[in-house]
Amino acid sequence: TYPGFPCKPSSLVVSDDFFFAAHASGASTDNPNGAGVTPGNVEAFPGLNTLGLSINRVDLAPGGVNPLHTHPRSAELVHVEAGEMLVGFVSTEGRFYSKVVRAGESFVIPRGMMHFQYNVGAGAARAMTVFNSQLPGVVLAAQSLFGAEPEIPDAVLAKSFQVDADTIKLLKSKFRKG
Ligand code: GLV
Ligand code: MN
């Protein structure tokens, strides 16, 4: 169940096809979440094609959060390289599992579970996240519910979340562009 990408003819393959330098620096965290994710999936790093793995870099400003999301095609191993982050996910039974994870430590998120990383340290935090898919896919919870184009009807969201339409409109105002 992963999207196919063509392979290069082997006679044209060079060492640089197996090399990826984009994680030497981090993405900006100057945004409302205080988070920057630099993807290292097969689209960014074509040498991963057919290998069934990929890697992201996650940078978090103090207090920053990589917001709640899922990966439909992959588990995720979070390896913290700097700082301290609360890493958590919710299981299919509705149980919340979390740990404060520090530099050199890891936490694993089973495939498809809703999860986040939240910087609970004093300084910046950084993690590498490793996936058993070359293209894990990402579904951002708030963005997909309140920022969908065209929009999900207010009545559907209000009934789903058992709140009034004004609450839904407020949430949509944060996640919809127009
Ligand atoms: C972190 O959760 C990531 O998806 O890179
Ligand atoms: Mn993730």
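Residue numbers run from 1 in the order of the sequence given. In listed order, ligands and their atoms are each counted from 1.
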Hey, is NZ on Lys8 packed in by over 12 heavy atoms from elsewhere, all under 6.0 Å? yes

Atoms named by residue and atom, protein N, O or S, within reach of the Mn ion (ligand 2) (under 2.8 Å): His69 NE2, His71 NE2, Glu76 OE1, His115 NE2

Hey, what polar pairs (N/O, under 3.5 Å) does ligand 1 make with protein?
| unit_1 | atom_1 | unit_2 | atom_2 | d |
| --- | --- | --- | --- | --- |
| ligand 1 | 2 (O) | Asn66 | ND2 | 3.3 |
| ligand 1 | 2 (O) | His69 | NE2 | 3.0 |
| ligand 1 | 2 (O) | Glu76 | OE1 | 3.1 |
| ligand 1 | 2 (O) | Glu76 | OE2 | 2.7 |
| ligand 1 | 2 (O) | His115 | NE2 | 3.2 |
| ligand 1 | 2 (O) | Gln117 | OE1 | 3.2 |
| ligand 1 | 2 (O) | Gln117 | NE2 | 2.8 |
| ligand 1 | 4 (O) | His69 | NE2 | 3.2 |
| ligand 1 | 4 (O) | His71 | NE2 | 2.8 |
| ligand 1 | 4 (O) | Glu76 | OE1 | 3.2 |
| ligand 1 | 5 (O) | Asn56 | ND2 | 3.0 |
| ligand 1 | 5 (O) | Thr129 | OG1 | 2.8 |

Donor-acceptor contact present, side-chain Gln143 to main-chain Phe175, <3.5 Å: yes

What's the shortest heavy-atom distance between Arg111 and Pro72, and which atoms? NE-O, 3.3 Å

The ring-ring contact (aromatic ring centres under 6.0 Å, His included) partners of Phe146 (sequence neighbours excluded) come to Phe161

So among Phe116, Phe89, Phe107, which one has a ring pair (Phe, Tyr, Trp, His ring centres under 6.0 Å) with Tyr97? Phe89

Below 30° counts as parallel, above 60° as perpendicular, anything between as tilted: where do the rings of His71 and His115 land? tilted

Contacts of Glu151 meeting salt bridge (Lys or Arg N to Asp or Glu O under 4.0 Å) (sequence neighbours excluded), chain-then-number -> Lys172, Arg176

Can you establish whether the number of heavy atoms outside Asp30 located under 6.0 Å from its atom CG is more than 12? no

Looking at Asn56 and Gly40, would you say the former's side chain and the latter's main chain have a donor-acceptor pair under 3.5 Å? yes

